[in-house]
Amino acid sequence: MFKKVLIANRGEIAVRVVRACREMGIATAAVYSEADRRALHVRYADEAYAIGPALARESYLRIDRLIEAARDSGADALHPGYGFLSENPALARACKEAGIVFIGPPASAIAAMGDKVTARQLMEEAGVPLVPGTGAGLSDEELAARGREIGFPLFVKAAAGGGGKGMRVVDDPVELERALAAARREAEKAFGDDRVYLEKALAGARHVEIQVLADAHGNTIHLGERECSIQRRHQKLVEEAPSPVVDEALRARMGDVAVRAARAVGYVNAGTIEFLLDGDQNFYFLEMNTRLQVEHPVTEMVTGVDMVKEQIRVAAGERLSVSQDDVRPRGWAIECRITAEDPYNGFLPASGRVIRLAQPGGYGVRVDGGLFEGMEVSLYYDPLLAKLIAWGHTRDEAIGRLRGALREFRIVGLPTSIPFHRWLVEQPAFLDGEFDTTFLPPDFSLPPGEQEEPLRLAAIVATLLSHEARQRFQPRTPCDDGDEASTWRPQGWKLAGRWQRLAQ
Amino acid sequence: MFKKVLIANRGEIAVRVVRACREMGIATAAVYSEADRRALHVRYADEAYAIGPALARESYLRIDRLIEAARDSGADALHPGYGFLSENPALARACKEAGIVFIGPPASAIAAMGDKVTARQLMEEAGVPLVPGTGAGLSDEELAARGREIGFPLFVKAAAGGGGKGMRVVDDPVELERALAAARREAEKAFGDDRVYLEKALAGARHVEIQVLADAHGNTIHLGERECSIQRRHQKLVEEAPSPVVDEALRARMGDVAVRAARAVGYVNAGTIEFLLDGDQNFYFLEMNTRLQVEHPVTEMVTGVDMVKEQIRVAAGERLSVSQDDVRPRGWAIECRITAEDPYNGFLPASGRVIRLAQPGGYGVRVDGGLFEGMEVSLYYDPLLAKLIAWGHTRDEAIGRLRGALREFRIVGLPTSIPFHRWLVEQPAFLDGEFDTTFLPPDFSLPPGEQEEPLRLAAIVATLLSHEARQRFQPRTPCDDGDEASTWRPQGWKLAGRWQRLAQ
Amino acid sequence: MKYVATVEGREYEIELTDAGVLVDGVLHDVDLQAIDGGFHYSLLVGPCSHELFVERCEDVCLVGLRGRRYHVKVEDERERRSGVRSPAVRDAAGRAEVVSPMPGMVVAVLVEEGQQVITGQGLVIVEAMKMENEIRTPVNGVVESVAVAAGQGVAQNDLLVRVGPG
Amino acid sequence: MKYVATVEGREYEIELTDAGVLVDGVLHDVDLQAIDGGFHYSLLVGPCSHELFVERCEDVCLVGLRGRRYHVKVEDERERRSGVRSPAVRDAAGRAEVVSPMPGMVVAVLVEEGQQVITGQGLVIVEAMKMENEIRTPVNGVVESVAVAAGQGVAQNDLLVRVGPG
């Protein structure tokens with residue numbers, strides 16, 4: 001087993017990897033940009049190495065600095081997390097050259113699946129069903145022509161993309177033209193590759209993905225599906241396992257196809273095959289994510305398998321600790337991505353300081369986060385603050401736990417997506433499991449509440465505190481201000497007692 | 001199902017019950033003493049009722065006030081939690097008279113098991129194996145004589161007792177005499193009943209208990225065992241499920257006996273049969289706790305059954321949601337009782353204000369607590385602050401998670417038992433599962449660490465902060481002090497950079 | 001003492017009396033306790049328990065409740081009569097001032113001064129959180145001025161483009 | 001600047017220099033950052049990462065690290081020479097002053113003035129957290145004075161019984 005793992009990431013996923021390593025008795029080395037010196041992953045790791053300024057391309061995206069930090073730390077393995085360089089085969093190759101084990105699939109598998117067009121070809125050969133679409137490397141004019149043939153609505157996707165980046169949905173030829181330019185620009189920027197392709201947008205389809213695990217000894221298994229249809233602009237907001245519409249037979253079929261897909265690219269380590277699933281139980285390959293997914297915890301909660309530990313074991317040449325027969329899901333798990341976005345305002349990214357934090361607890365409640373009091377949330381990185389996962393014996397129980405945990409979760413100092421999640425867990429369609437990827441329109445913004453009571457309560461509290469402040473800011477003598485300010489504490493307001501009535 | 005449940009308790013267990021009710025869509029009414037107005041259970045409940053001064057006997061032990069609060073709130077059921085009045089049949093009877101459902105066993109079962117001597121007789125009749133001992137109601141002289149017959153070491157126990165209160169271990173006749181007086185005094189005070197009895201202290205025995213659940217439709221099942229041998233002065237500190245020494249066959253045997261014991265007293269609701277287990281897989285009835293146990297979460301984690309919800313269902317006349325066949329334990333769970341006690345100082349109770357709090361998170365980690373920043377920990381109540389529970393596929397994995405979570409758990413402002421737990425999870429005997437109830441001697445105090453490094457680090461940090469404070473408290477002008485004090489923030493000390501070397 | 005609290009356009013007349021808090025004349029039995037010295041409060045109204053956070057409470061209080069954040073303006077009678085605290089309302093009078101709805105970086109400017117634009121047409125692309133956002137004009141008109149250039153960082157509510165009547 | 005820091009009886013000579021922190025002459029590459037403005041710190045010594053809490057830092061700093069709390073006394077050279085800050089040491093000189101090791105309530109006093117006691121003999125029973133604790137004499141001797149009575153509350157370190165030489 002490894003002695004020390006360098007974690008080439010930040011935020012909650014870096015914390016997640018620190019935890020797995022720590023539990024396995026492996027030392028951890030974190031890396032941090034200038035914006036992250038005080039971040040949780042830096043403090044939870046055994047060691048920490050500065051790798052550059054806040055801008056990701058000057059730090060977390062610098063392969064040279066990551067390799068140098070790994071060398072300085074004496075790490076014998078590197079975990080890429082998700083995002084950043086996790087699906088860049090160059091990092092996997094640089095690790096290999098430096099004699100450091102990359103905790104992920106072979107560079108060849110990353111490259112094969114990373115080029116979405118190559119991936120489509122490989123999958124077609126392996127007999128994996130595909131969504132109708134084009135190849136890449138076509139000009140805008142060629143794409144426009146093919147687009148008309150396939151029919152609208154269409155997705156414009158980046159050949160090198162993934163995770164919704166550089167992705168656009170278009171409804172007609174005029175829109176297509178504009179979208180191609182924007183998608184190419186975004187793809188060039190995000191991946192250094194402006195090739196795009198088209199894919200038919202299937203109406204009413206769900207996004208359902210299969211988790212696979214493979215070791216270097218020829219064992220490839222799947223851990224069942226995740227339902228990820230609650231998205232806004234192709235960004236997942238809520239995921240669950242299992243899916244409300246996948247039965248045992250469909251799960252077996254999808255799992256078989258996913259395992260076949262992984263084998264087709266010589267896959268080793270954890271990976272995810274994303275499918276579109278239509279109302280007739282037909283499913284179509286979308287793409288393979290050759291890394292840990294943000295939403296891996298829901299699979300962990302129902303299967304009991306620690307996926308990060310499996311990744312590490314597999315990378316160290318060990319066998320998977322579970323066989324396909326050992327995978328017996330229990331209960332239901334749902335994850336909410338708690339982000340620094342304002343759901344009342346079109347999910348605008350927010351920044352600010354976390355001045356108070358209260359995390360939820362109790363049975364079946366898991367928080368994977370990088371959150372702490374005093375944290376400065378900046379706009380440099382992904383807005384994900386934490387993942388709240390609730391497990392229950394049944395979907396209803398899981399939702400009940402989620403509802404309670406969302407009430408307990410308090411992040412004070414900036415807007416977060418929590419109100420959206422609180423809203424979602426009351427929506428009849430969500431409660432019934434009746435939704436597809438169009439559940440949230442692209443421009444979805446949370447409607448303001450209609451209850452009068454919270455307004456009244458806020459008015460009462462603001463008035464009491466304002467009143468108190470006004471009393472306080474009438475200094476009795478000009479000089480005793482300073483000290484009082486530092487020791488003053490808001491007093492209790494109790495304008496009518498109840499206990500007194502009882503005590504008599 | 002109930003509309004509203006009054007929770008006749010405080011602290012973490014009141015929070016636990018709020019969560020269960022909330023998930024079931026049942027409204028909650030908390031009660032609070034004057035010391036608990038700001039407590040978590042008051043804030044998490046839908047309603048809260050003041051019931052008196054801080055002293056428990058003026059508030060949480062006042063049946064009249066609890067019933068009045070239940071009536072005021074319109075609650076149709078009352079959950080007693082553990083401790084306080086949970087095993088006092090008078091509360092169960094008062095509820096019945098007030099037309100409020102008591103979420104617990106019938107008063108008759110509480111009374112039968114509450115009198116430890118009656119309980120021994122009933123169990124003997126039901127064919128449950130007993131530890132050799134005496135009846136109660138004997139004089140000190142009679143007990144002394146019988147004690148010599150049974151042989152030392154012996155336990156002196158309160159007939160009305162439970163949970164180690166009023167319990168003493170004695171090694172010889174001289175000690176017995178003194179212990180009888182103290183035990184009677186403590187029992188009189190705690191239970192209003194000074195009867196005591198003797199029980200042989202079995203050398204090298206483990207404390208292993210079986211969780212039972214029974215509904216009013218004749219279903220009585222068990223949820224397997226909990227290992228509770230890590231005790232200090234008969235106070236449990238760490239519990240786990242399963243026990244390292246209980247195999248499938250023994251579990252079935254103990255479970256059968258436990259179910260028989262429960263049936264013998266017409267038991268309905270959740271209860272626990274405590275056994276002593278010797279090295280030859282013989283087990284002896286100790287007592288039955290006719291309430292939820294502090295350590296119920298470890299059973300929940302391995303069985304997936306939410307015990308508080310089952311309690312509520314059963315009390316509402318519903319059937320248990322699980323049958324004996326549904327109970328298929330998965331993995332291992334260990335609980336640490338995080339208390340306000342100083343393990344370096346003989347576990348002396350501590351009080352103080354929680355000025356900073358960071359709770360652990362991630363996979364397999366559960367915190368059931370009443371903790372919050374700003375909490376004033378007083379000496380009025382039990383020192384339990386929170387329960388940290390870690391689950392893993394194996395005992396080793398659970399311990400690994402526990403070790404990590406204990407590192408992450410930060411309660412700043414007062415001493416806690418966390419250092420003890422950190423120490424425990426490194427002890428070879430604990431790691432091997434080789435321990436009995438004598439693992440910790442009665443006067444156990446945690447040895448101070450022998451590492452030099454933490455001393456040096458503490459010295460460095462204290463020096464930097466002292467230095468900074470000295471600089472700060474040399475005011476430049478006599479008048480600009482006040483404002484600066486309120487805006488001042490400790491600056492970063494970075495006396496030699498690393499990033500600069502990389503950046504060049 | 002009498003106050004008027006305004007929250008999301010709704011006004012409450014609030015009077016603090018020895019008997020309790022009168023809200024629009026209705027007596028509320030209020031017990032407000034600070035949990036940790038200034039941000040976090042427990043409020044009992046009658047027996048009903050509420051948790052609140054107060055991020056700041058100056059001219060306007062920012063109160064967090066049930067996951068939402070409410071801006072509450074509190075004025076006493078004198079302030080209200082004199083209108084001292086009423087905030088200035090920005091008035092674009094015929095023009096649309098298109099501001100950045102988020103902090104980010106300008107990736108591209110799609111229009112130039114003097115150009116005719118129609119409702120919904122893209123003006124500027126602002127990248128934030130790795131996503132591109134096309135900022136569009138809410139009105140028909142002529143671009144009067146462009147306040148930003150590609151590569152420039154912008155704060156939330158920074159002016160991007162001023163569109164005048166066509 | 002040179003300081004002497006004393007923690008659990010161990011003294012460290014600590015010098016703050018531009019090159020780093022010299023601890024007993026050994027250079028430490030130190031990066032200390034406050035996390036939330038005064039209680040919680042992240043410390044890097046070289047690459048090694050440590051989390052610390054500082055509950056207070058006046059005459060003596062109370063530093064929490066790896067679950068333990070350390071009392072650190074920091075003196076600069078001048079203070080150390082003049083002995084200004086050294087705390088007075090309580091000296092019982094032949095007597096044992098038995099104090100309550102915890103806050104609680106005195107349930108029973110087991111001895112009276114003038115009574116001979118032997119090491120380990122119970123003096124007072126203090127109840128705390130619902131448990132009775134027998135407080136015993138650490139020495140042989142005669143009870144000089146009993147400072148408490150049954151039913152009385154005591155704070156931690158309150159004197160219970162003074163035992164003099166027999």
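Looking at A:Arg22, the atoms closer than 4.5 Å to chain B (heavy atoms on both sides) all sit in the side chain, from C-beta outward. Neither the backbone nor the side chain of A:Met24 has a heavy atom closer than 4.5 Å to any heavy atom of chain B. Heavy-atom distances place the backbone of A:Thr303, and not its side chain, under 4.5 Å from chain B. For B:Glu408, the parts lying near chain A are the backbone and the side chain together; criterion is any non-hydrogen pair under 4.5 Å. With a 4.5 angstrom heavy-atom cutoff, A:Arg328 touches chain B only via backbone atoms. With a 4.5 angstrom heavy-atom cutoff, A:Asp306 touches chain B via backbone and side-chain atoms both.
With a 6.0 Å cutoff to the six-membered ring centre and a 45° limit on the axis angle, B:Arg422 does not count as a cation-pi contact of B:Phe409.
Using modelled atom types, one finds no donor on one side chain facing an acceptor on the other under 3.5 Å when comparing B:Asp368 with A:Tyr363. A:Glu310 and A:Ser321 share a side-chain donor-acceptor pair at under 3.5 Å.
With respect to A:Glu300, the salt bridge (charged side-chain N to carboxylate O under 4.0 Å, His left out) criterion is satisfied by exactly one of A:Arg330, A:Lys309, A:Lys387, A:Arg16: A:Arg16.
Ranked by heavy-atom pairs under 4.5 Å with chain A, the first of B:Ile399, B:Val365, B:Val305 is B:Val305. If you tally non-hydrogen atom pairs under 4.5 Å between each of A:Gly304, A:Gly364, A:Gly404 and chain B, the highest count goes to A:Gly304. In terms of heavy-atom pairs under 4.5 angstrom with chain B, the leader among A:Met301, A:Arg403, A:Gln359 is A:Met301.
For the pair A:Arg43 (side chain) and A:Arg38 (backbone), a donor-acceptor distance under 3.5 Å is present.
Electrostatic pairing of A:Arg19 and A:Glu23 does not count as a salt bridge here, judged by no charged N lying under 4.0 Å from a carboxylate O. In summary, B:Glu68 and B:Arg65 do not engage in a salt bridge, as defined by a charged side-chain N under 4.0 Å from a carboxylate O.
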